[in-house]
Amino acid sequence: MKHLPEAHRQLLQMAISSAQQAGALPMFDLPEIPVQPSTRPGQGDYNSPVALSVAKAVGMKPRDVAERIVEHLPPAEFVSQVEIAGPGFINFSLARSYVVRLVDDILTEGERVGSVTLGAGKRAQVEFVSANPTGPLTIGRSRGAVVGDTMARLLEAAGYDVQREYYFNNAGNQMVALGNSLRYRYLEQLGLPLPIIDDDNFYRGDYLIDFAKALVAEHGDSLKDADWSTFKTYAEHKMFDWIKQTLQSVDIHHDNFFNEDSLFQSGAVWDTLAELEQRGHIYSAAEWEGASDEEKAQAAGKAPAKWFRSTAFGDDKDRVMVKSDGVPTYTLPDIAYHRNKIERGFDLMVNVLGADHGQQYRVVAWGVEALGLPADGIHVIIVQMVRFMKDGQIRKGSTRRGVFDTLDELVEEVGPDAIRYHLLARSPNTHLTFDVNEVIRKSNENAVFYIQNAHVRCAGILREAEARGFSDDAANLDLLGEDELAFLRKANELPEVITAAVTEYEPHKIAFYAKELAAIFHPMYDRVRVFHSDVPEDVARARLRFYCAAKVMFARVLRLMGMTTPDRM
RNA sequence: GCCCCUGUAGCUCAGUGGAUAGAGCGUUGCCCUCCGGAGGCAGAAGCACAGGUUCGAGUCCUGUCAGGGGCACCA
């Protein structure tokens, strides 16, 4: 399968160069040549407005430029016809022989169909989810989880060697609070005197009561004098088992769990601070340099903190790296973490964050810049907030108060495929309302099953063929009709969709492509029958092979979205 | 107040600076015995507002209006 816009681009490039050498066109700076799939019948399959865009620089009429280009176009096996239309568009039509052969290309490429070589020999990392293990995964994390995992799948299809990473903080105050909360629940189970616990530092969720019961069952009262850290370690492991299981239920698997604590153990956090200090980006003060008199008065007498002069990079306020009590803020280890990522030698590092972390991330990016590190491989996908609704009620919640909706519950209610599809099928930077009732209703009538049903129908035909002992051996693909060809042309857009999704960091493009492919398939399916009294055997053979290829296409796009590929509804 | 994101059909959303802006739901009318109709065909209906850049703007820039999120020595 070819990346057709790229193939056409090369043709145009050659044509322009040779026209220039022949003196038919003057020399000029050639911009990226635009090539796009045509949307309207009569305008070919792909077109380029390149003549329009360079006409001014060339000092000729667009149509004349187009003519000179077309005269010098080298022949290509996939092009059957070239026309100049409108103000100067160059329209290309695909050769029937090329399109028909796609059936065999698809079958040969199989589950990797549509892959491109963009990332061949390169390593990419996608960091996503990254929730601290203080409670079950909430629905608030689900969008980033789905977007991150789909991005990883697309990067693999683009040829990258991909690592999925989960970064978590097991060192901070939250984890101390978690340990103390479990200790409280443990002592409560044993009926022992309870410690005083600050409401703000108490995780109230019922799951800690369950953990405490399990602890009592395993250890009796032998832990009654243990401190928070014992309980924290237990809770952390238990929590991660749970989180992994939740993620697995939506077919998400991380390759690496990177914990913040390791950055302290290795000394990377303090090394990073030293490096920043050495480069002159850090100062000690009770209040930041640009603070108002009022703020300074409030800070008077406070022990000095260490500040990162982020205002030098465009921030509106400097940021604390080390608090006056000597403990670093979250930002410093996060900068150390990104340094670590870069040192691990990834060519591309994609970081999926919720909108609430977008601002915070800028400081980290400036920190990386301040270290003088190459940051051009780092890309952030900010996913905007999702409002989850059920029965007209907006769901919100806090892990600490123990009031929240979990991803487990959502999976239970709407199923993994519907979750993945609906959270994916939006541009990451649109705000989205996920109405559980609506999704359940729509999924039963629309997109999710619409796409899966295309796969089901192909599988049904293959089953029928097997039952009849009918094979596609020696199929003559020239017998395929316009309907099948239209599908195949759309199928051949997969490489460009994967390329666009990866280079623009917009994984939702695959969801829309999948729906478009199904929208071509279903009307065609009615007309293009295999086993029907009116269909001659040789035509049936060709169609059967075509449906084999169509099934491969639907399986491919469904898997790229992390969805299942049912053979029956 | 400052920063980020978003305003496209009644609703939910696509839309690479290119030709006549697309889907689904809803709505109006129609079609279907044969590989599972969770289908198919047709109709009505739209780029928040005002400037600007450009041969060409839903798309880029500025402003206005409206909505969402973020602005800790928390993570």
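The chains referred to below are lettered A, B, ... by the order of the sequence lines, with proteins before strands, and numbering in each begins at 1. Side-chain atoms are counted along with the backbone in the values below, which use heavy atoms only and exclude waters and symmetry mates.
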Please report, rounded to the nearest Å, how far the [atom2] atom of [N] is from the [atom1] atom of [X].
X: His431(A); N: U8(B); atom1: NE2; atom2: P; answer: 12 Å
X: Arg319(A); N: C74(B); atom1: CZ; atom2: C1'; answer: 13 Å
X: Arg426(A); N: A14(B); atom1: CZ; atom2: C1'; answer: 10 Å
X: Glu464(A); N: C35(B); atom1: CD; atom2: C1'; answer: 5 Å
X: His357(A); N: G70(B); atom1: NE2; atom2: P; answer: 11 Å

Any [X] side-chain nitrogen or oxygen under 4.0 Å from OP1 or OP2 of [N]:
X: Arg457(A); N: G37(B); result: yes
X: Lys515(A); N: C13(B); result: no
X: His508(A); N: G15(B); result: yes
X: Lys509(A); N: G15(B); result: yes
X: Tyr450(A); N: A23(B); result: no
X: Asn429(A); N: U6(B); result: yes

Residue [X], side-chain heavy atoms: nucleotide from [options] that is nearest:
X: Met385(A); options: G15(B), G69(B), C35(B); value: G69(B)
X: Pro37(A); options: C3(B), U16(B), G69(B); value: U16(B)
X: Phe512(A); options: G70(B), C35(B), C13(B); value: C13(B)

Would you call the rings of His522(A) and Tyr450(A) parallel, tilted or perpendicular if under 30° counts as parallel and over 60° as perpendicular?
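His522(A) and Tyr450(A): tilted rings.
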| What is the ring orientation for Trp366(A) with Phe313(A), classed by angle as parallel under 30°, tilted 30 to 60°, or perpendicular over 60°? |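 The rings of Trp366(A) and Phe313(A) lie parallel, inter-plane angle below 30°.
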Return the nucleotide paired to [N]: Watson-Crick means purine N1 to pyrimidine N3 with N6-O4 or O6-N4, wobble means G-U with N1-O2 and O6-N3, both under 3.5 Å.
N: C65(B); value: G7(B)
N: A42(B); value: U28(B)
N: C71(B); value: G1(B)

5' precedence on RNA chain B between Pro304(A) and Asp316(A) (nearest-nucleotide basis) |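 Final value for this comparison: Asp316(A).
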Taking for Val528(A) and for Leu432(A) the nucleotide of RNA chain B with the nearest heavy atom, the one nearer the 5' end belongs to Leu432(A)
query = Taking the six-membered ring for Trp, is the centroid-to-centroid distance between Phe168(A) and Phe258(A) below 6.0 Å?
reply = no
- If we take the P atom in both C49(B) and G7(B), what is their distance in whole Å?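 Here C49(B) and G7(B) have their P atoms 13 Å from each other.
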Heteroatom pairs (N/O) under 3.5 angstrom, protein to nucleotides 17-20 of chain B:
from	atom 1	to	atom 2	distance (Å)
A19(B)	N6	Asn91(A)	OD1	2.6
A19(B)	N1	Asn91(A)	ND2	3.4
U20(B)	O2'	Arg40(A)	NH1	3.0
U20(B)	O2'	Arg40(A)	NH2	2.3
U20(B)	O2	Arg40(A)	NH1	3.3

### Message
Would Arg457(A) pass as a cation-pi partner of Phe521(A), given that its NZ or CZ must be under 6.0 Å from the six-membered ring centre and within 45 degrees of the axis?
### Response
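Judged by the rule, Arg457(A) and Phe521(A) form no cation-pi pair.
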*Between Arg387(A) and Phe434(A), is NZ or CZ placed under 6.0 angstrom from the six-membered ring centre and within 45° of the ring axis?*
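Output no; distance or angle outside limits.
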### Message
Would the base of C73(B) count as contacting Thr329(A) through its side chain, where contact means a donor and an acceptor less than 3.5 Å apart?
### Response
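Side chain to base: no pair present.
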